[in-house]
Structures are given as structure tokens and as C-alpha cells.
Asks: 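I'd like to ask some things about the structure below.
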Amino acid sequence: MDTIFLDAPNLGELEKQYLLKCVDSTFVSTAGPFIPEFEARFARYVGTKRAVSTQSGTAAIHLALHELGIGPGDEVIVPLITFIASVNPVTYVGATPVFVDIDPSSWNMIPELVERAITKKTKAILPVHIYGNPCDMDAITEISQRHGIPIIEDATESLGASVHGRRTGTFGSMACFSFNGNKVITTGGGGMITTNDEKLADHMKFLVNQARDESKGYYHPEIGFNYRMTNLEASLGLAQFERLPDFLQKKRRYMEIYREILTGVKGIEFQEEYPDSISSWWLSSIKINHPTKDLPQIQKELKEKGIPTRRIFVPITEFPPYEKYKKEEYPNSYELYEKGLNLPSSTLNSEEQAEFVARSIVDVIEA
Ligand SMILES: *Cc1c(COP(=O)(O)O)cnc(C)c1O
């Protein structure tokens, strides 16, 4: 059987064509037509007025926090289970992350705990649509509005996901996407901020370009960043974007196959969507409760069959820089960390391979 991939990118002729066109144009750096084209198409797809491209998802989150003026003394509410890049930008701007536990079914931040974590210092709520599964945006939006605290969505894993037919990336005052090599689509490395606020978008376009006032030459009235996406990256992004519907369909199909075969198997639970929510299923993921085998053992046995898996993100306060922020018990996060596995979800995999993965899980669990 061909190699089974966890999250490898899917690149082909279309990507080659776009890249060649870009190289032939000589516009490989931060000027060139593919950048505004990618931004415009992205905004249209997600459903916001604007999209501002960046060098990475991490840069996007940093820029969004900076744009809202968040800094020392301010607090930002984040889920305990996420990739470190949701949280490090909070530290970059000098603010304090406040961690909340996750829901054992959706694996996303619990709205009631978000509300309880709000203080006078809270300046943003940063919901992460983990593994592509949208957060309870009805409840989080309601809390945000009632307290007048803006939302910055970490939509880095959820391109194509939606709530009541509305795409993730449209709920916050800003939302951040990633095009890292393993995400739903890749530009090699890159990110995007979506927003309906033209003023914020214009200002962020200015900030990513070293806060350069081009009407005055090399004049910089503010401290900016070099967070620009390149035309080369945008060309790759446009090619990948054309294939997004196909990628999303494949990822959803893998999840369906895993469910068809694993439903009813003792000890298996799935990550669940909220009603009327659609996940991007960036990574199909399950929880395994096994009486004798721990996760490393299960992973080892699957690896021997050629099946790569990955454990759920480590609760952030386990990392030395964040230990001091551990304020309470987070039982659901720790339970998920102990039992959760990401399954092969690369769109390079075939449906037969997904079936093989699911059957192998049954074998390993029931052996
Ligand atoms: C990938 C990711 C990011 C950061 O994106 P990069 O493009 O890798 O910088 C942030 N948050 C989450 C949840 C991610 O998965």
C-alpha cells in the first residue's frame, strides 16, 4: 500500500502552473498581482469585506492583537488545548493569557467558563476552532456583545468550516488563518486576517509593510512589521484555493469512513460538531478509552501497520513559560490529552486507506 500521511500537503500540476507564471513574471517577492487577487478571493469565499495576507498564522494573530491595541496589563481568554501559536502572540504583545477548559464533546472552549474568566482587564476572547471544528459561536458572540469584548477567531485550522451557513472567520472583529504546510490549504507558509472593518484592514496592510507611508517614500510614522506574504506564496495559495472544495470534501469523507467503521467500537468517541455547525475536519480525531493499552502503545501498534497518528496538543500550562498561568483544574483538557488522537487526514490518502486505518484501529483495540 502507498504511504499513509497524517497531514501532508497535496500539490500538483495547478500549483506548478501558478508558480511558473509567478517566476516568469519576476514578481516573486512582496509586490505582484497574485497577492491582492488571493486576498480578494479569500475575503469573498469566507464572507468578509477584507482579507489581509501575512507571513504566517502566528504573524496574523500577533498583528490582530497589536491592531486592537492589546498590551501589558491586558488579558486575553484562550482555550487550554490549542497549538502554542494561539498563545505566544498574546505574550509577544505583553498581555496575559487566561486559560479556560474545553468541552469534552466539541473540544472547544466552554462559553460559560469564558464568561466566568472575564475581568476588567479582559481585552479579547480568542476562540480556536480546534482541528477545524467551529466553537459555539452563538454563545461566545452573545458573551462578547454583552461585555463589549472583541473576538479574535483563531480560524487557522477551520478554513471552509461554518456555523448556520456562515463561515468561520466572519464572527470576530478579526479572524486569523494559516497556510502552513499541513493546514487545509498551504502557501508553503503564510497567513490571512479577515475582517469587515475597512479601517482595520487598511491599517494592517500598512503595518505589515513596516508601517511605511509610501506617499512620503521611506517614511514610517509608526512601528510596523515585515509580515507581508510574497507573490510566490500567493500564487501557490490561488492554486490551492481552486482545489479547496475538493480538499474539504475528501476530509469530510475520511471522517465519515472513520465513523462508519468505528461507531459502536467500545471505548471510541468522536469529536462532535455543534448543531448546525460544519467542521473543516482538518484533522479527523477520536478519543480512545482502553482498559490496558495507553496511547503511546496504541500509536506504536498503528505505526507498525504504517499508520501515522498524533496526540492532541499538550495543555499549554504544561510548558515552562506558561506554568505560572495555571489557575484551576482543567479536567476535560487533561482527559482529552490523555485519550485524544489525530488520525490520517491528508488529502493524498485514498478512501481505501482511510478504511484500512479504521479497521486497523479496531484490530489494535480489540487485540
Ligand atoms: C497552525 C496554527 C497556528 C499558527 O499558524 P502558522 O502559520 O503555523 O504560524 C495558530 N493556531 C493554531 C491553532 C494553529 O493550528
Side-chain angles (χ1 to χ4, degrees), residues 4-8 79-83 101-110 128-136 157-158 161 182-184 248-275 277-315 330-367:
I4 298 173
F5 297 99
L6 187 86
D7 58 1
L80 187 64
I81 296 279
T82 184
F83 182 51
D101 205 359
I102 51 101
D103 175 78
S105 173
S106 69
W107 307 5
N108 284 320
M109 56 171 27
I110 298 175
V128 181
H129 308 298
I130 203 76
Y131 304 125
N133 192 29
C135 293
D136 182 352
E157 301 176 352
S158 70
N182 65 353
K183 294 287 165 54
V184 180
L248 289 169
Q249 201 184 336
K250 277 193 161 151
K251 283 180 182 290
R252 172 158 291 271
R253 184 70 197 126
Y254 301 146
M255 185 60 186
E256 284 168 2
I257 290 169
Y258 293 144
R259 260 181 198 272
E260 281 160 19
I261 297 175
L262 293 171
T263 297
V265 174
K266 198 167 180 296
I268 301 261
E269 286 172 74
F270 295 88
Q271 185 187 25
E272 301 288 352
E273 292 157 318
Y274 286 102
S277 275
I278 296 179
S279 174
S280 70
W281 297 118
W282 171 54
L283 295 180
S284 277
S285 309
I286 56 172
K287 275 195 259 187
I288 303 179
N289 302 273
H290 198 277
T292 53
K293 290 180 187 175
D294 62 6
L295 274 193
Q297 177 63 27
I298 291 167
Q299 286 186 286
K300 184 167 157 278
E301 290 179 33
L302 289 171
K303 187 80 215 158
E304 283 160 6
K305 296 173 191 283
I307 298 169
T309 55
R310 183 181 299 148
R311 288 190 63 173
I312 296 310
F313 295 121
V314 177
Y330 307 95
N332 301 339
S333 295
Y334 279 82
E335 193 237 14
L336 179 60
Y337 175 63
E338 235 157 72
K339 298 179 179 163
L341 271 191
N342 302 137
L343 304 181
S345 306
S346 166
T347 56
L348 294 175
N349 301 338
S350 67
E351 294 192 11
E352 290 71 31
Q353 287 177 316
E355 287 166 17
F356 172 74
V357 169
R359 296 223 167 78
S360 302
I361 292 171
V362 176
D363 290 345
V364 166
I365 287 180
E366 294 185 347

Asks: Using a strict cut-off of less than 4.0 Å between a Lys/Arg side-chain nitrogen and an Asp/Glu carboxylate oxygen, indicate whether Asp7 and Arg310 qualify as a salt bridge.
Replies: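 Looking at Arg310 together with Asp7, the answer is yes, because their closest N to O distance falls below 4.0 Å.
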
Asks: So do Ile286 and Glu269 actually touch side chain to side chain, heavy atoms under 4.5 Å?
Replies: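 Not touching, per the 4.5 Å side-chain cut-off.
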
Asks: CG of Leu341 to CD1 of Ile288: how many Å apart, nearest 0.5 Å?
Replies: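 Leu341 CG to Ile288 CD1: 4.5 Å, rounded to 0.5 Å.
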
Asks: Counting only N and O atoms by type, is there a donor-acceptor contact under 3.5 Å from the side chain of Lys305 to the main-chain atoms of Phe356?
Replies: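 Not a single qualifying donor-acceptor pair exists.
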
Asks: Are any non-hydrogen side-chain atoms of Asp103 and Asn108 less than 4.5 angstrom apart?
Replies: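 Of all side-chain heavy-atom pairs linking Asn108 with Asp103, none is under 4.5 Å.
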
Asks: Between Lys287 and Glu272, does the salt bridge (charged side-chain N to carboxylate O under 4.0 Å, His left out) criterion hold? Intermediate values first, please.
Replies: CA-CA 11 Å; Lys287 275 195 259 187; Glu272 301 288 352; over 6 Å; no

Asks: Rounded to the nearest 0.5 Å, what separation is found between the OG1 atom of Thr82 and the CE atom of Met109?
Replies: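 Nearest 0.5 Å value for the OG1-CE distance: 9.0 Å.
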
Asks: Check whether any side-chain N or O of Glu157 sits under 3.5 Å from a backbone N or O of Ile130 as a donor-acceptor pair, and report yes or no.
Replies: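 Answer holds: no.
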
Asks: Ile361 versus Ile268: any side-chain heavy-atom pair under 4.5 Å?
Replies: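 Yes, side chains in contact.
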
Asks: Would you say Asn133's side chain and Trp281's backbone share a donor-acceptor pair under 3.5 angstrom?
Replies: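 It does not hold such a pair.
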
Asks: Using the six-membered ring wherever Trp is involved, compare the ring planes of Phe313 and Tyr131 and label them parallel, tilted or perpendicular (cut-offs 30° and 60°).
Replies: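 Rings of Phe313 and Tyr131: parallel, under 30°.
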
Asks: Does Asp101 reach the main-chain N or O of Asn332 with its side chain, forming a donor-acceptor pair under 3.5 Å?
Replies: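 Yes: the side chain of Asp101 pairs with the backbone of Asn332.
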
Asks: On a heavy-atom basis, which atom in Ser280 and which in Ala161 lie closest, and how many Å separate them?
Replies: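 Taking every non-hydrogen atom into account, N-CB, 3.6 Å.
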
Asks: I need the minimum non-hydrogen distance between Lys251 and Ser284, along with the two atoms involved.
Replies: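 So the two residues come closest at O-OG, 4.4 Å.
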
Asks: For the atom pair OG1 (Thr347) and CD (Gln249), what is the distance rounded to the nearest 0.5 Å?
Replies: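 So the OG1 of Thr347 and the CD of Gln249 are separated by 12.0 Å.
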
Asks: CG/Leu262 to CZ/Arg359 distance, rounded to the nearest 0.5 angstrom?
Replies: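 Nearest 0.5 Å value for the CG-CZ distance: 10.0 Å.
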
Asks: Output yes when a side-chain donor or acceptor of Arg311 lies under 3.5 Å from a complementary backbone atom of Leu295, and no otherwise.
Replies: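 Judged by distance alone, no pair lies under 3.5 Å.
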
Asks: When rounded to the nearest 0.5 angstrom, what distance separates OH in Tyr274 from CG in Asp136?
Replies: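 It comes to 5.0 Å.
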
Asks: How about Val265 and Glu366: do any of their side-chain heavy atoms sit closer than 4.5 Å?
Replies: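 Yes, their side chains come closer than 4.5 Å.
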
Asks: For a quick test of reading the model, state the closest non-hydrogen atom pair linking Gln353 to Asn349 and the distance between them.
Replies: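 Looks like OE1-CA, 3.2 Å.
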
Asks: What heavy-atom pair brings Met255 and Ser285 nearest, and what distance separates the two atoms?
Replies: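 Residues Met255 and Ser285, closest heavy atoms: CE-O, 4.4 Å.
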
Asks: Side chain of Glu338, backbone of Glu335: donor and acceptor closer than 3.5 Å?
Replies: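 No, because the side chain of Glu338 does not come within donor-acceptor range (under 3.5 Å) of the backbone of Glu335.
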
Asks: Taking Ser345 for its side chain and Leu343 for its backbone only, find out whether a donor-acceptor pair lies under 3.5 Å.
Replies: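 Yes; judged by distance alone, with no hydrogens or angles, the pair exists.
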
Asks: Ile4 and Pro344: which non-hydrogen atoms are nearest, and at how many Å?
Replies: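 Smallest interatomic distance, heavy atoms only, reads CG2-CB, 3.6 Å.
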
Asks: Side chain to side chain contact (heavy atoms under 4.5 Å, CB included) between Ile102 and Ile81: does it pass, once the steps are laid out?
Replies: CA-CA 7 Å; Ile102 51 101; Ile81 296 279; 4.1 Å; yes

Asks: Tell me, with the steps shown, if Asn342 and Thr309 meet side chain to side chain contact (heavy atoms under 4.5 Å, CB included).
Replies: CA-CA 6 Å; Asn342 302 137; Thr309 55; over 6 Å; no

Asks: Do any N or O atoms from the side chain of Tyr254 and from the backbone of Ser346 form a donor-acceptor pair under 3.5 angstrom?
Replies: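 Yes: the side chain of Tyr254 pairs with the backbone of Ser346.
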
Asks: For Lys293 and Glu301: C-alpha separation, side-chain torsions, deciding distance, then whether salt bridge (charged side-chain N to carboxylate O under 4.0 Å, His left out) applies.
Replies: CA-CA 10 Å; Lys293 290 180 187 175; Glu301 290 179 33; 3.0 Å; yes

Asks: CD of Gln271 to OG of Ser106: how many Å apart, nearest 0.5 Å?
Replies: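 That separation rounds to 7.0 Å.
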
Asks: Testing the basics here: between Ala354 and Tyr258, what is the closest heavy-atom pair and its distance to 0.1 Å?
Replies: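 So the two residues come closest at O-CE2, 3.4 Å.
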
Asks: Taking it one step at a time, do Arg259 and Glu256 satisfy salt bridge (charged side-chain N to carboxylate O under 4.0 Å, His left out)?
Replies: CA-CA 5 Å; Arg259 260 181 198 272; Glu256 284 168 2; over 6 Å; no

Asks: Is there a side chain to side chain contact (heavy atoms under 4.5 Å, CB included) between Ile257 and Glu351 once you walk through the steps?
Replies: CA-CA 8 Å; Ile257 290 169; Glu351 294 192 11; 3.7 Å; yes

Asks: So, does His129 use its side chain to make a donor-acceptor pair with the main chain of Ser158 at under 3.5 Å?
Replies: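 No.
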
